[in-house]
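Let me begin by presenting the structure, written as structure tokens, before commenting on it.
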Protein chains: 2
Amino acid sequence: MDIQNLIDNTFKKYGLKKTIFRKELFKLFYDSLNSLSAKEISKQFSSSTDKASIYRALDSFEKSGLIHQVPDKNNLLRYSLCKSECKPNNHAHDHAHFLCSVCEETFCLDDFKLPSAKSHNGFLINHLKIIMEGTCVRCKSI
Amino acid sequence: MDIQNLIDNTFKKYGLKKTIFRKELFKLFYDSLNSLSAKEISKQFSSSTDKASIYRALDSFEKSGLIHQVPDKNNLLRYSLCKSECKPNNHAHDHAHFLCSVCEETFCLDDFKLPSAKSHNGFLINHLKIIMEGTCVRCKSI
DNA sequence: TTAGTAACGCAAATGAGTTGCACTTATATA
DNA sequence: TATATAAGTGCAACTCATTTGCGTTACTAA
């Protein structure tokens, strides 16, 4: 599905209005290799764009299954674009996240196989997250 | 090693003073099955105990290898007692953490085997964290 | 074209965590 | 045992991410 259809379909399905800001925001995620925080997003828009609007848009996008939260070194809210298999209110991410200690960016490692255990010592496991820390490909070769 | 020796040895080694508050704080961790946040700790002490003291003590304890940070549903700082194999400034935790969606507590799953990969697609992995979400043993049987 | 409502901008609030500073107290040693 | 010193404390003020209330704007569907 291309970006325009994705926006059309999903925005319609969830009663989200296709405002200039939200369309731009979505494109920003689409064009970004990695994840984005509210502060980073803010820098990409004119100063008249309010942070409240950014936070509300991120929240809507997440609930609609367009983006998902990823871990952040400094405990900030940080998001990445979802793959197509993500359903609204039911993110189906089975990938690991990688925090680079050098550039501090967060990467989705889409092909890292997660352990599939559904329980452990009586604990019932619904979701499992793996967060790796280290040096990313790019920083390694600098 | 019993708690009194542990406090004596570690506090001495790191030049930490055995104040009434810090001894009580350490006991609180020792007696607690799970993890503690600053707010939860605050409730256990008189109102004259300042939050700055709590945060500073937690920071010292962590640096000394007595407690370690654990994940929290709401991105709060949250800590658990370390096992004896932890060294100061070099926490050696190879266990997974479990967040219960019912009681919202965090548990250390000491015997869950973590993947041991040291690299993945050119990403160099130094540390690896596993965070599980689901229903804990206790809540499951209620 | 227009009514209804999602989204917006602005301002103020919230709340976790931090910092500066003067005072207190544990500890080491004389 | 007295005392110096440096760690720890309490208080107040601060930072900064995120949230909320509210009146206004602008999509969207009819």
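Just so we're clear, the structure is a prediction, and the values are computed from it rather than from any experiment. Each chain gets a letter, A, B and so on, in the order the sequences are listed, and its residues count up from 1.
Regarding B:F21, its CZ atom lies at a distance of 14 Å from the C1' atom of D:dA7, rounded to whole Å. As rounded to whole Å, 14 Å separates atom C1' of D:dA17 from atom CD of A:E40. Straight-line distance from the NZ atom of B:K23 to the C1' atom of D:dG8: 13 Å, rounded to whole Å. Rounding to whole angstrom units, CG of residue A:D59 and P of D:dA17 are separated by 18 Å. Distance CD (B:E24) to C1' (D:dG8): 16 Å, rounded to an integer number of Å. The CG-P distance, from B:L58 to D:dG8, rounds to 13 Å in whole Å. Counting to the nearest Å, the C1' atom of C:dA7 and the CG atom of A:L25 are 13 Å from each other.
Side-chain contact between B:S53 and B:F21 is present, with at least one heavy-atom pair separated by less than 4.5 Å. Residues A:I41 and A:F45 form a side-chain contact, since some pair of their non-hydrogen atoms from C-beta on lies under 4.5 Å apart. Counting heavy atoms from C-beta outward, B:S42 and B:T49 have side chains that stay 4.5 Å or more apart. In this structure, the side chains of A:H97 and A:Q69 stay at 4.5 Å or more apart for every pair of heavy atoms.
A:F112 belongs to a hydrophobic cluster with A:F98, A:F107, A:L109, A:L114, A:F123, A:I125, A:L128, A:I130, A:M132, A:V137, B:F98, B:F107, B:L109, B:F112, B:L114, B:F123, B:I125, B:L128, B:I130, B:M132, B:V137, counting contacts under 4.5 Å between side-chain heavy atoms of Ile, Leu, Val, Met, Phe, Trp and Tyr, direct or through other members.
Taking only side-chain nitrogens and oxygens, B:R22 never comes nearer than 4.0 Å to OP1 or OP2 of D:dA7.
For the atom pair OH of B:Y30 and CG of B:L25, the computed distance is 15.0 Å after rounding to the nearest 0.5 Å.
In terms of the salt bridge (charged side-chain N to carboxylate O under 4.0 Å, His left out) criterion, A:K113 has no residue partners (sequence neighbours excluded). Every salt bridge (charged side-chain N to carboxylate O under 4.0 Å, His left out) that A:E24 has, sequence neighbours left out, goes to A:K27.
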Ignoring hydrogens and angles, write down the donor-acceptor pairs under 3.5 Å from the side chains of residues 32-39 of chain A, residues two or more places apart or on other chains.
{"unit_1": "A:S32", "atom_1": "OG", "unit_2": "A:N34", "atom_2": "N", "d": "3.3"}
{"unit_1": "A:S32", "atom_1": "OG", "unit_2": "A:N34", "atom_2": "O", "d": "3.1"}
{"unit_1": "A:N34", "atom_1": "ND2", "unit_2": "A:E105", "atom_2": "OE1", "d": "3.0"}
{"unit_1": "A:S35", "atom_1": "OG", "unit_2": "A:R78", "atom_2": "NH1", "d": "3.1"}
{"unit_1": "A:S37", "atom_1": "OG", "unit_2": "A:E40", "atom_2": "N", "d": "3.3"}

Report task. Could you encode protein contacts along nucleotides 23-30 of chain C as a string, one character per nucleotide from 5' to 3', using B for base contact, S for sugar-phosphate-only contact and - for no contact, with a heavy-atom cut-off of under 4.0 Å? Result -> --BBS---
Requested in this report: Would you mind building the protein contact string for nucleotides 10-18 of chain C? One character per nucleotide, 5' to 3', B for base within reach (heavy atoms under 4.0 Å), S for sugar-phosphate only, - for untouched.
Outcome: B-----SBB
